[in-house]
Amino acid sequence: RDAGSMLAALMCAISAHVADKLSRDEPNFSASRWMHTGLNIAVTAVIVLALSFLMYVLRILIVTVDVFSFKSVQDPHIPYATESWNILQALLRKASTTVERGLLVLLTMVACMVPAFIWDYVALGSGFEILRMQLPHILVVCTVLRVFVAAAAVTDKCCRVPALINSLSFGPGMERERKNLVEYILHSDAGFYVCDVRVTLGMVTKFVYVWCIIIFGFIRQELTTRG
């Protein structure tokens, strides 16, 4: 499903690039213009390929947390759960440190695209023209945000594990050990990290919310000035 959605985003971006070139009132396109279009398509393809790899890694982490929860329910055993949680924490930390630079670059790219959209709006002054030109980049931005939502889903699943462990029965007289395990998992702060910052769905939502306020505020001010 993820591969299909990434492929669909790539095909839509390529179609938007080609449609933008063909829709211009220029009877003949020079070789340099087609090379520019080909370069844009190549860059978009590389970004989508990187996003596909990151999404694949994040899906594996999500499934790993689900497997830990499933095995804890099927065979509730505190020493095994403690050992498995330590391995899961190490896996999450290793995966986070491996791909965090790529995610940081993508986040920076998205943050720089927003001022670029605003600058295009000021320069062109036509909403349809901007949408036609920036549609491939908008698709890439949406795909990047989808990857960050998947990263936040890893943290959210880890946050639900203590409640699940607390609801299990490990046998008579094991309430204190179960409480210690729940507190250990709770205070371990497991999840997906980018530069030692825990990625949560609230952070992603706030990021999108702030930039939406900036964009709509600027567009409203620009429309008021022109009106």
Side-chain angles (χ1 to χ4, degrees), residues 1-7 9-10 43-73 78-114 137 139-166 168 180-212:
R1 185 179 61 181
D2 292 328
S5 62
M6 292 292 180
L7 181 60
L10 177 60
V43 172
T44 303
V46 170
I47 294 175
V48 173
L49 182 63
L51 291 172
S52 301
F53 170 74
L54 293 174
M55 182 64 74
Y56 178 74
V57 172
L58 294 171
R59 288 298 182 189
I60 291 178
L61 297 180
I62 292 174
V63 172
T64 303
V65 179
D66 290 337
V67 169
F68 170 81
S69 301
F70 176 77
K71 288 186 176 181
S72 297
V73 173
I78 289 182
Y80 174 77
T82 304
E83 181 181 359
S84 299
W85 184 254
N86 290 332
I87 296 174
L88 179 59
Q89 283 189 89
L91 178 62
L92 293 175
R93 281 289 186 174
K94 180 61 178 179
S96 299
T97 55
T98 302
V99 302
E100 65 179 1
R101 293 183 180 179
L103 286 173
L104 188 60
V105 170
L106 293 172
L107 183 62
T108 305
M109 180 186 68
V110 171
C112 293
M113 280 184 175
V114 176
H137 308 98
L139 292 173
V140 171
V141 169
C142 293
T143 308
V144 172
L145 293 177
R146 186 168 180 264
V147 170
F148 273 90
V149 169
V154 177
T155 302
D156 290 341
K157 282 187 175 293
C158 292
C159 292
R160 298 190 185 101
V161 172
L164 174 65
I165 298 298
N166 194 44
L168 300 178
N180 293 335
L181 177 60
V182 170
E183 291 181 352
Y184 173 69
I185 295 176
L186 186 62
H187 293 129
S188 63
D189 289 334
F192 194 88
Y193 286 78
V194 175
C195 297
D196 292 330
V197 177
R198 199 181 187 195
V199 180
T200 61
L201 187 59
M203 293 177 59
V204 178
T205 305
K206 289 178 181 178
F207 177 81
V208 176
Y209 179 73
V210 169
W211 278 116
C212 286

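Note that the structure is a prediction, hence the values are computed from the model and not measured.
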Distance check, rounded to the nearest 0.5 Å: [X] atom [atom1] versus [Y] atom [atom2]?
X      : Y      : atom1 : atom2 : value
Thr82  : Asn180 : OG1   : CG    : 9.5 Å
Lys157 : Leu61  : NZ    : CG    : 12.0 Å
Gln89  : Phe68  : CD    : CZ    : 9.5 Å

Under a 4.5 Å cut-off applied to non-hydrogen side-chain atoms, are [X] and [Y] in contact?
X      : Y      : result
Thr64  : Val67  : no
Val194 : Leu107 : no
Ile62  : Arg59  : yes
Phe207 : Leu145 : yes
Phe192 : Val99  : yes

Minimum heavy-atom separation for [X] to [Y], with atom names?
X      : Y      : answer
Cys159 : Pro162 : O-CD, 3.4 Å
Val204 : Phe148 : CG2-O, 3.8 Å
Gly191 : Arg198 : CA-NE, 4.4 Å
Leu58  : Val147 : CD1-O, 3.3 Å
Glu100 : Asp196 : OE1-N, 4.4 Å

Open item on the list: Taking atom CD as the centre, does Glu83 end up with more than 12 heavy-atom neighbours from other residues, nucleotides or ligands that are less than 6.0 angstrom away?
Closed with: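 Atom CD in Glu83 is not packed in, count stays at 12 or less.
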Is the backbone N or O of [Y] less than 3.5 Å from a side-chain atom of [X], with the two atoms forming a donor-acceptor pair by type?
X      : Y      : result
Ser188 : Ile185 : yes
Ser96  : Tyr193 : yes
Thr155 : Thr200 : no
Arg93  : Ala190 : no

Open item on the list: Using the side-chain contact (heavy atoms from CB on, under 4.5 Å) definition, which of the options Leu181, Ile78, Leu186 pairs with Ile165?
Closed with: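 Only match with Ile165 under side-chain contact (heavy atoms from CB on, under 4.5 Å): Leu181.
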